[in-house]
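The structure appears below as structure tokens.
Chain A is the first sequence line, chain B the second, and so forth, proteins listed ahead of strands; every chain is numbered from 1.
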There are 2 protein chains.
Amino acid sequence: MAARRPPQSLTRVNYAVFVTVTSTDVAKAAGVSRAAVSQILNGRGERFAPATRDRVQQIARELNYQPSAAARTLARGASELVVGLLPHTTFGGHLQDVVDTLTDELSAAGLTLVLRFSDSSSHSFERLVQTMRPLAVVSITRLRDSDRSLLTELGIRLVEPHLDAREPVDHRIGRMQAEHLVSRGYTRLAYAHLRDRREDPFGPARADGVRDACRQAGLPATPILNLGIDADEARRELNRLDLPRYAIACYNDDVAIALLSAAREAGLRVPEDLALIGMDNTPISNLVSPRLTTIETDIRGAGLRMAQMIVRSVTGGTTEDDSDEQVPLRVVERATT
Amino acid sequence: MAARRPPQSLTRVNYAVFVTVTSTDVAKAAGVSRAAVSQILNGRGERFAPATRDRVQQIARELNYQPSAAARTLARGASELVVGLLPHTTFGGHLQDVVDTLTDELSAAGLTLVLRFSDSSSHSFERLVQTMRPLAVVSITRLRDSDRSLLTELGIRLVEPHLDAREPVDHRIGRMQAEHLVSRGYTRLAYAHLRDRREDPFGPARADGVRDACRQAGLPATPILNLGIDADEARRELNRLDLPRYAIACYNDDVAIALLSAAREAGLRVPEDLALIGMDNTPISNLVSPRLTTIETDIRGAGLRMAQMIVRSVTGGTTEDDSDEQVPLRVVERATT
DNA sequence: CTGAAAGCGCTTACAG
DNA sequence: CTGAAAGCGCTTACAG
């Protein structure tokens, strides 16, 4: 074991003193060269005697040998780091489960997933990718153009699962919302965004889905509302509509609840005068009255697919989503439509 | 510029071809040695002629030289990586702003913040810290014991801002909830946890705060409720109370809204028969009826303090929170108390 | 079937 | 005031 002496002058940073087991330790203990240890532990050990192989693997385990990422990166010229970019939106258990799945799947493939918010400053993102040289960046949401070109320029693989299906999932969500409303007899539809664009990463694609569904059904253009989760804003946006008898597809359940609350105060009957459909099937959507119609998605399954796609893309070189299955989506019909 | 050739056999991973500017490039262009470049760019340039210093810095900027994190880590024996552990709880804009602040502050100090969920598997966390050797780990929430001892063993600094104030912020939150309820004349208090422990990371500390405040006010022990955001569970837990005339401090606004909804269905008057206080001042807490009393926190300011504390701890060696200011907390009184 | 050697890009103690 | 040299831990092409 090499006891690491910290550098002498600590002007900037205090270093911990690590006790590390290196490949040299393993090699000595096993009576082979470091090259042998490296090859055997990296799956290129076919050429070695099975006994040697076993011995090395056994000893590495006993010593709890963990190769240094820094050294490996330096030697290989690329890291095993994958950076996951989280949208700057409210998210709870669901999205976190997806990320956990991703973490584990990538870890099993020898890759390390590390997270960032996609909205943190471009500057710090640039530093991150320039210095860490991740193997890939996977973005849950649409990337800034500047970040995208940075990655292209550096030759860092970009994986964007949400763009990959033949019909992007967000377009489908909007379409399903609209088709449900149309099937309940509504002919005048609107789309309600979250006003803060940062929190509305999927809004544009979903609004497109609503618009396309309306066009296909021969309905007029859909007005676009923009509101925060706030009673005043909801009332104001509602007033822009030629009520009664409108149906609104909402960015998420919170937006729908804000509109629901405003409608109640304005004396509108829901769903007779105003129909609402949310998205996410949040627990609270089932606690308001009337209970909210919404859309539910099997996001865990989606996480698994995403993970597999990334592993495939990183290990196999393709970014295409050859499996053409789609994320399962389901309308949860309750009392607001 | 060194064009990096990818290794010949790509059994596991496809590598991108990077075009990197190295310190050698800078050194050549400036007509100095790599050592000089290193020292000048790392703030140890006092010994060099000002002209040399300026030239090197200028050229490094022009070439957009970004030192390789891997090489630096290897040479220095410790990385400049800080791992931030996110609680596995619902969070929206607020917490994300804190994280963004943290990212930028650390970046300004030359450190790279990278995120993980604290609940992802211990195994993958171990791999992360063993291979990446972060300079520090900062945990927004309480760490698993196994993870904690792993870090101790490896000598990796652990920063836990939530533990640092003289009175931990979560204890204070519980106490403020209870004190508010007591001040409104309630004498029988309960605490409502989120049932899923993963989503209730701060619950125990807050329940302690409620209990301590009640003890201090001479009130009886507080019953503990556990519920998900679900009408049935809320009703069930409500039935365990000897109603009417109870006041419940809730883990967050969602829990309070679930109880509010159940109370409404059970024909209880709020706040006469049942008082509720939430936590977070979510937008929706102001949209339900009656509007929810809750607690608001200046989490942005908290993020800044946290960032400074981490930078100080990492660069200065102390983990103590010498600044004794507290996170601002404020009761937002509305109609449920 | 296995090992010696070179090299990844950087930092730092040391020599001039 | 500045540079040559050694070394961080690993990987891989090559020689035996």
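For the pair Arg53(B) CZ and dT2(D) C1', the computed distance is 14 Å after rounding to whole Å. Rounding to whole angstrom units, CG of residue Leu74(A) and C1' of dT12(D) are separated by 14 Å. Distance Phe48(B) CZ to dT11(C) C1': 12 Å, rounded to the nearest Å. In this structure, Glu46(A) places its CD atom 14 Å from C1' of dT2(C), rounding to the nearest Å. Atom OH in Tyr65(B) sits about 7 Å away from atom C1' in dG9(C), given to the nearest Å. The distance from atom CZ of Arg133(B) to atom C1' of dC8(D) is 13 Å, rounded to the nearest whole Å.
Judged by closest nucleotide on DNA chain C, Val32(A) is the one of Ala71(A) and Val32(A) placed further toward the 5' end.
Between Ser38(B) and dT11(C) there is a side-chain N or O to OP1 or OP2 distance below 4.0 Å. The side chain of Thr52(B) places an N or O atom within less than 4.0 Å of a non-bridging phosphate oxygen (OP1 or OP2) of dT2(D). At the phosphate of dC1(D), neither OP1 nor OP2 sits under 4.0 Å from any side-chain N or O atom of Arg47(B). Contact check, Arg44(A) against dT12(D): a side-chain N or O comes under 4.0 Å of OP1 or OP2.
For the residue pair Arg55(A) / Gln58(A), no side-chain donor-acceptor distance below 3.5 Å is found, with atom types taken as modelled. Judged purely by distance below 3.5 Å, without hydrogens or angles, the side chains of Asp147(B) and Ser122(B) pair a donor atom with an acceptor atom. A donor atom on one side chain and an acceptor atom on the other are found under 3.5 Å apart for Arg116(B) and Ser124(B).
Judged by Watson-Crick or G-U wobble contacts below 3.5 Å, the nucleotide dA13(D) has no partner.
Electrostatic pairing of Glu80(B) and Arg127(A) does not count as a salt bridge here, judged by no charged N lying under 4.0 Å from a carboxylate O.
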